[in-house]
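Everything numeric here is computed off the predicted structure, so don't read it as measured data.
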Amino acid sequence: MLTLAIVTEPVTIFFIVLVIILLAPVLLTKLHIPHIIGMIVAGVVVGPYGLDILDSDSSFKIFGQVGLLYLMFLAGLEIDMYRLKLNFKRGLVFGLLTFFIPMIIGAAASMVLLNLQLTTAALLGSMFASHTLIAYPIAARFGITKNQAVVIAVVGTIIAVIGALLVLGTVVNIHQVGSFEISEQLKLLGKMAVYCIGVLYVYPRLTRWFFKNYSDKVTQFVFILALVFCSAWLSNAIGLEAVLGAFFAGLVLNRYVPSGSSLMGRIEFVGNALFIPYFLIGVGMMINLKVIGNTDTLIATAYMLVIALVTKWLAAWIAQRIYGMNGDSRRLLFGLTTAHTAVALAVVTIGYNMLNSDGTRMMDETILNGTILVILITCAIAPVVTATAAARIKIDMLDKGDDEEEKSRKIGDKMLVPIANPMTATPLVELALYMMSADDSDGPEKSQIFALHVRNDNTPTSKAIGRNSLDLARETAAAVDIDLTPIERYDLNTITGIVNVIEERDINGVILGMHRKTAVIDSFFGSKIDQLLKTTNRMVVISRCYIPINTITRIVVFVPEKAEFETGFRRWLVAIGNLTRQLGCRIIFCCHSTQHKLIEAILRRERIGIRSEYRQVDDYDDFILLSNRILDDDLFVVISSRANAVSYSSAMTEMPSFLQKYFSNNNLMVIYPEQFGDDQSAETFVDPLSSDITTTPSPILVKLRGIISSLMGIKKRGRHNNRRDKIEL
């Protein structure tokens, strides 16, 4: 075989790796081949068993190990935790099927056909049991991600991966001890329990504290990576494999890294651009082409491929019978769970590097190369089977007319984010991104975000502030691959500029920060927001958060009576649902009993999977009493109303003063739903937020002021000394 000189100069090595990372996806995209295969093949070509251009030196060992841990961390970070909990029972059954059937049959066949020892056979069986959802993007492209088979496959994948990693950790522990001892296994389980409880307790609290005190995205990125590798190190220290620690860290940190956040964009970018390709290339460099051509390798590959395909198909067939699904759903289950990549690579790499007492490898080159061939073939089969089944399911949905996605298709929202200074640019844009639907950024009718800075003078300072604010807004959206349109406008005043842009761009909603009172006579929301509410009928969201939005633990929404009859009821509900889904927290709706089922129906129709709870409120007495039950890490959302609207009542006149008095230290969001009809002029509009001293207050609120005053002592003690009292929502 033709060989070239081995490159040892660090700059040249890194350049060659970057060229591979650059060209492999470009070339393979035209051939419709997964990128992972291209990286492995490139590693074979340039490795010591190919053209011998690069040697498997310490750099590939370090970056390869980092890439492996990064790969498992991303697998845990990208899991939809709500879907995991909602479909856990069905997914658990399928997960046990797709884990134990390949595990048992694969281990037994390996001992009989390949003459492997029990521990090696169990390790190889865990490779058969694991799989990766590389075909999931195909299901997403067909719009069937909410299909029962897809959801079951996703949850089953988690169970199978966790089971395979536990087997891997057990085998590694047995290999280190030298024998299977019950006491050692119980000790390992005890260490694992302490490790899991410790990470579950420490990581969320530490992450919330850090994000509250350090807002720099680079610092947050380094902090997250430090937690991941600390978890991996602790996992390795107690006798488990480091990949299990990285995966577990991804599950725990899932809640604090929203999928639409700039931090998530940075994590995915660094991993997919450098560490993970480095690992895949390193795996390819371990493949010995001469061994692959041997008869023993081909026979072993044939055995392993048959076991991998048959056992996964058998698990899908049994699940089909249990859940009463059709043949297309079975094929979809099989296609999604038949590809072996991430965990399989981890298993074979670890097994290849472990040495027996006689100096031989636990998994020799025959098994290593046979496993790699199985990975390559299953990665080629999975997309084809999934695409065929997904197309048939989609056609069947359209024929039956039960495609919820087509029914609920609508024109994308257009959100406007007015920005006054650079300090508010990033949090407001992030809030707007979270309130967008996960699918709103795609398609011909995609949602759009506009950032607006209005100035009424041409001084260099004013221009610099505006451009800097818009640049930060654009960078925040670009970090998650969302296009944001910056608008710098010169107008008579801020409100005139905002209203003109609303009309020019056909804006559906406005998201802006809450006004800070600068004078005693100043209203709670400020004269600008008051004027905006008078001159537009679009949805207006007013936000004030003292902590980063991704550290919110609960969202509490107060829904007034008759709010369901407002024109913008569905729009604000979907926006709040999207925000809850992005943050991964639970939401509590404080509403009337008649509104409960309607809210549930809209969330279900819009396919917004969130942990929602409901508390019945009858009047504004309950609204006032909520002041003693909102935690410092909660977001309190108040659905208000413009005057003369269906849900407007006289009690809303006093709402701003009560928000200022009893919720001044809480994270707050006030939403004014969209209204039909022409925008009303300021001269004829009754301001629902102004507090007129000549107006007679609501009798209910007058009576409640005495009750609230007596409760304030309880509130102060409860806020600092007894959090449990305030959770009884």
- Note on the structure: Which of Val310, Leu314, Leu96 passes side-chain contact (heavy atoms from CB on, under 4.5 Å) with Ile101? Answer is Leu314
- Does the side chain to side chain contact (heavy atoms under 4.5 Å, CB included) test come out yes or no for Val385 and Thr338, once each step is laid out? CA-CA 9 Å; Val385 176; Thr338 193; 6.0 Å; no
- Task: Check the pair Tyr70, Val270 against side chain to side chain contact (heavy atoms under 4.5 Å, CB included), reporting the backbone distance first and the verdict last.
- Result: CA-CA 10 Å; Tyr70 212 106; Val270 173; 3.8 Å; yes
- Task: Enter the distance from Arg554:CZ to Ile588:CD1 here, rounded to the nearest 0.5 Å.
- Result: 4.5 Å
- Note on the structure: Residue set satisfying salt bridge (Lys or Arg N to Asp or Glu O under 4.0 Å) with Arg331, at least two apart, ordered chain then number -> Asp328
- Message: Test: side-chain hydrogen bond (donor to acceptor under 3.5 Å, both in side chains). Region: residues 154-163. Which pairs qualify, not counting sequence neighbours?
- Response: His131-Thr157
- Message: Quick check for you: to the nearest 0.5 Å, what is the distance between Glu606 atom CD and Arg581 atom CZ?
- Response: 9.5 Å
- Query: Run the side chain to side chain contact (heavy atoms under 4.5 Å, CB included) check on Leu333 and Tyr323 step by step: do they pass?
  - Reply: CA-CA 12 Å; Leu333 272 178; Tyr323 299 134; 6.0 Å; no
- Distance, nearest 0.5 Å, that separates CG of Leu298 from CG of Leu305: 12.0 Å
- Message: Is there a side chain to side chain contact (heavy atoms under 4.5 Å, CB included) between Leu332 and Thr386? Walk through the geometry before answering.
- Response: CA-CA 5 Å; Leu332 186 60; Thr386 303; 3.8 Å; yes
- Query: Residues two or more places apart in sequence or in another chain: which of them pass side chain to side chain contact (heavy atoms under 4.5 Å, CB included) with Ile307?
  - Reply: Ala109, Phe128, Thr311
- Message: Testing the basics here: between Gly271 and Pro277, what is the closest heavy-atom pair and its distance to 0.1 Å?
- Response: O-CD, 3.4 Å
- Counting only N and O atoms by type, is there a donor-acceptor contact under 3.5 Å from the side chain of Arg330 to the main-chain atoms of Ile318? no
- Atom pair CE/CD1 of Met415 and Ile507 - distance to nearest 0.5 Å: 9.0 Å
- What is the distance from atom OG of Ser612 to atom CD1 of Ile555, rounded to the nearest 0.5 Å? 12.0 Å
- Query: Taking side chain as C-beta onward, heavy atoms only, is Leu113 less than 4.5 Å from Ile299?
  - Reply: no
- Query: Got Leu22 and Leu18 here, is their nearest side-chain heavy-atom distance under 4.5 Å?
  - Reply: no
- Would you call Leu74 and Phe275 a side-chain contact if the rule is heavy atoms closer than 4.5 Å? no
- Which residues pass the side-chain hydrogen bond (donor to acceptor under 3.5 Å, both in side chains) test with Thr98, sequence neighbours left out? Lys312
- Message: Minimum heavy-atom separation for Val374 and Thr301, please, with both atom names.
- Response: CG2-O, 4.2 Å
- Looking only at atom types and distance, does a side-chain atom of Gln320 sit under 3.5 Å from a main-chain N or O of Met325, one as donor and one as acceptor? yes
- Task: Looking only at non-hydrogen atoms, find the nearest pair between Met103 and Ser126 and report the distance.
- Result: SD-N, 3.4 Å
- Just by distance, do the side chain of Asp396 and the backbone of Arg392 share a donor-acceptor pair under 3.5 Å? no
- Message: In the structure I gave you, are the side-chain heavy atoms of Val45 and Ile20 within less than 4.5 Å of one another anywhere?
- Response: no
- Note on the structure: Between Ala316 and Phe334 the two heavy atoms that sit nearest each other are CB-N, 3.9 Å
- Less than 4.5 Å apart, any side-chain heavy atom of Ser261 and any of Asn550? no
- Message: Can you list everything that forms a ring pair (Phe, Tyr, Trp, His ring centres under 6.0 Å) with Tyr303? Sequence neighbours excluded, please.
- Response: none
- Shortest non-hydrogen separation from Thr337 to Ala153 and the atoms involved: CG2-CB, 4.3 Å
- Closest approach of Ser110 and Leu124, non-hydrogen atoms and distance? OG-CD2, 3.3 Å
- Test item: Ile587 and Leu579 side chains (from C-beta on) under 4.5 Å apart, heavy atoms: no
- Item | Residues forming a salt bridge (Lys or Arg N to Asp or Glu O under 4.0 Å) with Glu566, sequence neighbours excluded | none
- Task: Not counting sequence neighbours, which residues clear ring pair (Phe, Tyr, Trp, His ring centres under 6.0 Å) with Tyr256? List them please.
- Result: none
- Qualifying residues under side chain to side chain contact (heavy atoms under 4.5 Å, CB included), relative to Val480, sequence neighbours excluded: Leu433, Ile482
- Query: So, do Ile281 and Ile21 sit near enough that their side-chain heavy atoms are less than 4.5 Å apart?
  - Reply: yes
- Message: To the closest 0.5 Å, what do you measure between CD1 (Ile276) and CG (Leu69)?
- Response: 11.0 Å
- Message: Glu268: which residues meet the salt bridge (Lys or Arg N to Asp or Glu O under 4.0 Å) condition with it, sequence neighbours left out?
- Response: none
- Query: What residues, two or more places apart in sequence or in another chain, satisfy side chain to side chain contact (heavy atoms under 4.5 Å, CB included) together with Ser231?
  - Reply: Tyr195, Tyr203, Ala249
- Message: Taking ring pair (Phe, Tyr, Trp, His ring centres under 6.0 Å) as the definition, give me every residue that meets it alongside Phe589, ordered by chain and number, with sequence neighbours left out.
- Response: Tyr614
- Only counting residues at least two apart or in another chain, list the ones meeting side chain to side chain contact (heavy atoms under 4.5 Å, CB included) with Leu598. Glu564, Phe569, Ile602
- Item | Leu583 side chain reached by Tyr434 side chain, heavy atoms, under 4.5 Å | yes
